[in-house]
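What follows is a set of notes on a single structure, which appears directly below.
We name chains A, B, ... by the order of the sequence lines, and we start the count at 1 in each one.
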Protein chains: 2
Amino acid sequence: MSKGQTGARGPYVKGVQRRQEILDRTLDVVAHRGIEATSLRAIGEAIGISHGTLLHYFESREALLLEVLRERDTIAQAALSGIDQVFPWLESGANNNAKDPAMVALYTTLLATAVEAGNESARAFFAERFKSVRADLSGRLRAELAASGRHPEADLDQVASLIMAAFDGLQIQWLLDRDIDIAGTIRLIERVL
Amino acid sequence: MSKGQTGARGPYVKGVQRRQEILDRTLDVVAHRGIEATSLRAIGEAIGISHGTLLHYFESREALLLEVLRERDTIAQAALSGIDQVFPWLESGANNNAKDPAMVALYTTLLATAVEAGNESARAFFAERFKSVRADLSGRLRAELAASGRHPEADLDQVASLIMAAFDGLQIQWLLDRDIDIAGTIRLIERVL
DNA sequence: GTCTATACGAAGATAGAC
DNA sequence: GTCTATCTTCGTATAGAC
């Protein structure tokens, strides 16, 4: 075995730690200064490295921000892995997100860039994310209905789309007005079933 | 009466026409090149004026884009003024938006900037828009339920929030995947009532 | 592999001439 | 009302030190 990317000694160790440090600190900068002000130079300053170094680890500023989102998204999903029921699962996700407005803002901002032409990596990320979450949600709904002996009254893929749209849309409303009750409003959808 | 802003003669006439021309052409540039590529210089080129002149009419690039959205939003609302029933009204709105993806993208992009700190004008616009649409929607729902002799089973403000969130979220999903059926999915919410 | 220094072009914004 | 010139900051690319 060579001194490859995950070796405990070897020169790559520093790089792996550095990469993680960049991901962590970038979110800090986003939280403290907002996304627009999170320039490569601002991130570099916060870490104590030149802004050029950041592009040694990530292809572009957009790619870095997207990687921050991807990592946090994976962690957030894992934290909910113990919850089986759909609506408690959604409610826990909403409550966790409420603790991290910077992440929600990052999600929203990158989602907006994804609908723009020419941002293929962001578009691919969100298109794939929507597709997999939709499949996961509709599958859970189907299983739950079957377990309770009922048969679906609506297209479950459409219900899944509705839940995702409501979740994203309510998070945006919540960012503008913290009085919005995301979990409570999502729960209204339960009646459709 | 002086030669004020709306006078038919007077030196302001050219300015008023110019301002309108800028608003119209900006949306064209957005439609053809995307929002990110819609720089002040690109807009100026499309009209045949310098980018500096644009800032004589609008405070900033953001203010210009927001004004384009505000104007189109007003026109779109007026076009639906003949429809009384809530869900047909929503469906017509969705169908109209489907004809103008550039507007939907502009809406989404500016909404994302509004959740960022320091964008007070965008934040104010969307906060106010959400507030008024929510009030309008819940009022319509209340009137409709009363007319059919039913009493609401859910908090109608919450239902209105859900409808708005679903509408915005589904438009985003639609921008990423044109197979999404916005109107059909919104109609699912009808069952909550 | 890791990192700095530097340069380039484009962007939003401002000031002042005409 | 409009333009040009200029300032600052940005993302990105490259060259090279260690």
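Taking B/Asp28 as the reference, nothing meets the salt bridge (charged side-chain N to carboxylate O under 4.0 Å, His left out) condition, with sequence neighbours excluded. With sequence neighbours excluded, the residues forming a side chain to side chain contact (heavy atoms under 4.5 Å, CB included) with A/Leu55 are A/Leu40, listed by chain and number. Considering only residues two or more places apart in sequence or on other chains, B/Glu21 meets the side chain to side chain contact (heavy atoms under 4.5 Å, CB included) condition with B/Arg18, B/Arg25, B/Ile47.
Across the protein-nucleic acid pair, A/Arg33 atom CZ and D/dT9 atom C1' stand 12 Å apart, rounded to whole Å. Protein atom CD of B/Glu36 is 12 Å distant from nucleotide atom P of D/dG11, rounded to whole Å. The distance from atom CZ of A/Phe58 to atom C1' of D/dG11 is 16 Å, rounded to the nearest whole Å. For the pair A/Ile22 CD1 and C/dC3 C1', the computed distance is 11 Å after rounding to whole Å. We find that CD of B/Glu59 is positioned 13 Å from C1' of C/dT14, with the value rounded to whole Å.
Residues B/Ser138 and B/Leu156 share a closest heavy-atom pair of CB-O, 3.6 Å.
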At a cut-off of 3.5 Å, list every protein nitrogen or oxygen paired with a nitrogen or oxygen from nucleotides 16-18 of chain D, distance to 0.1 Å.
none

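Scanning residues 38-55 of chain B for heavy-atom distances under 4.0 Å to DNA chain C yields B/Ser39, B/Leu40, B/Arg41, B/His51, B/Leu55. A heavy atom closer than 4.0 Å to some atom of DNA chain D occurs in no member of residues 62-70 of chain B.
Close to C/dT2, at under 4.0 Å from its OP1 or OP2, lies no side-chain N or O of A/Arg19. Checking the phosphate oxygens (OP1, OP2) of D/dT2, no side-chain nitrogen or oxygen of B/His56 falls inside 4.0 Å. For A/Tyr57, a side-chain nitrogen or oxygen approaches OP1 or OP2 of C/dC3 to under 4.0 Å.
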For residues 82-91 of chain A, which side-chain N or O atoms pair as donor and acceptor with protein atoms under 3.5 Å away, sequence neighbours left out?
unit_1  : atom_1 : unit_2   : atom_2 : d
A/Glu91 : OE1    : A/Arg187 : NE     : 3.4
A/Glu91 : OE1    : A/Arg187 : NH2    : 3.2
A/Glu91 : OE2    : A/Arg187 : NH2    : 3.1

Enumerate, atom names and distances included, each donor-acceptor pair closer than 3.5 Å involving a side-chain atom of residues 109-118 of chain B, sequence neighbours excluded.
unit_1   : atom_1 : unit_2   : atom_2 : d
B/Thr109 : OG1    : B/Ala105 : O      : 2.9
B/Thr113 : OG1    : B/Glu62  : OE2    : 3.2
B/Thr113 : OG1    : B/Leu110 : O      : 2.7
B/Glu116 : OE1    : A/Ile35  : N      : 2.7
B/Glu116 : OE1    : A/Glu36  : N      : 3.2
B/Glu116 : OE2    : A/Ile35  : N      : 3.3

Would you check, one step at a time, whether the test side chain to side chain donor-acceptor pair (under 3.5 Å) holds for A/Gln20 with A/Asp24?
CA-CA 6 Å; A/Gln20 191 58 50; A/Asp24 295 339; 3.2 Å; yes
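Contacts classified as salt bridge (charged side-chain N to carboxylate O under 4.0 Å, His left out) and involving residues 69-80 of chain A (residues at least two apart or in different chains) are given here: A/Glu67-A/Arg70, A/Asp73-A/Arg129. Listed by first and then second residue, the salt bridge (charged side-chain N to carboxylate O under 4.0 Å, His left out) pairs involving residues 152-170 of chain A amount to none (not counting sequence neighbours). Residue pairs satisfying the ring-ring contact (aromatic ring centres under 6.0 Å, His included) criterion with at least one member in residues 95-154 of chain B, sequence neighbours excluded, are listed as follows: B/Tyr107-B/Phe126. Within the structure, ring-ring contact (aromatic ring centres under 6.0 Å, His included) pairs that include any residue of residues 24-69 of chain A do not occur (at least two apart or interchain).
Among D/dG1, D/dT12, C/dG1, the nucleotide with an atom closest to any side-chain atom of B/Tyr12 is D/dG1.
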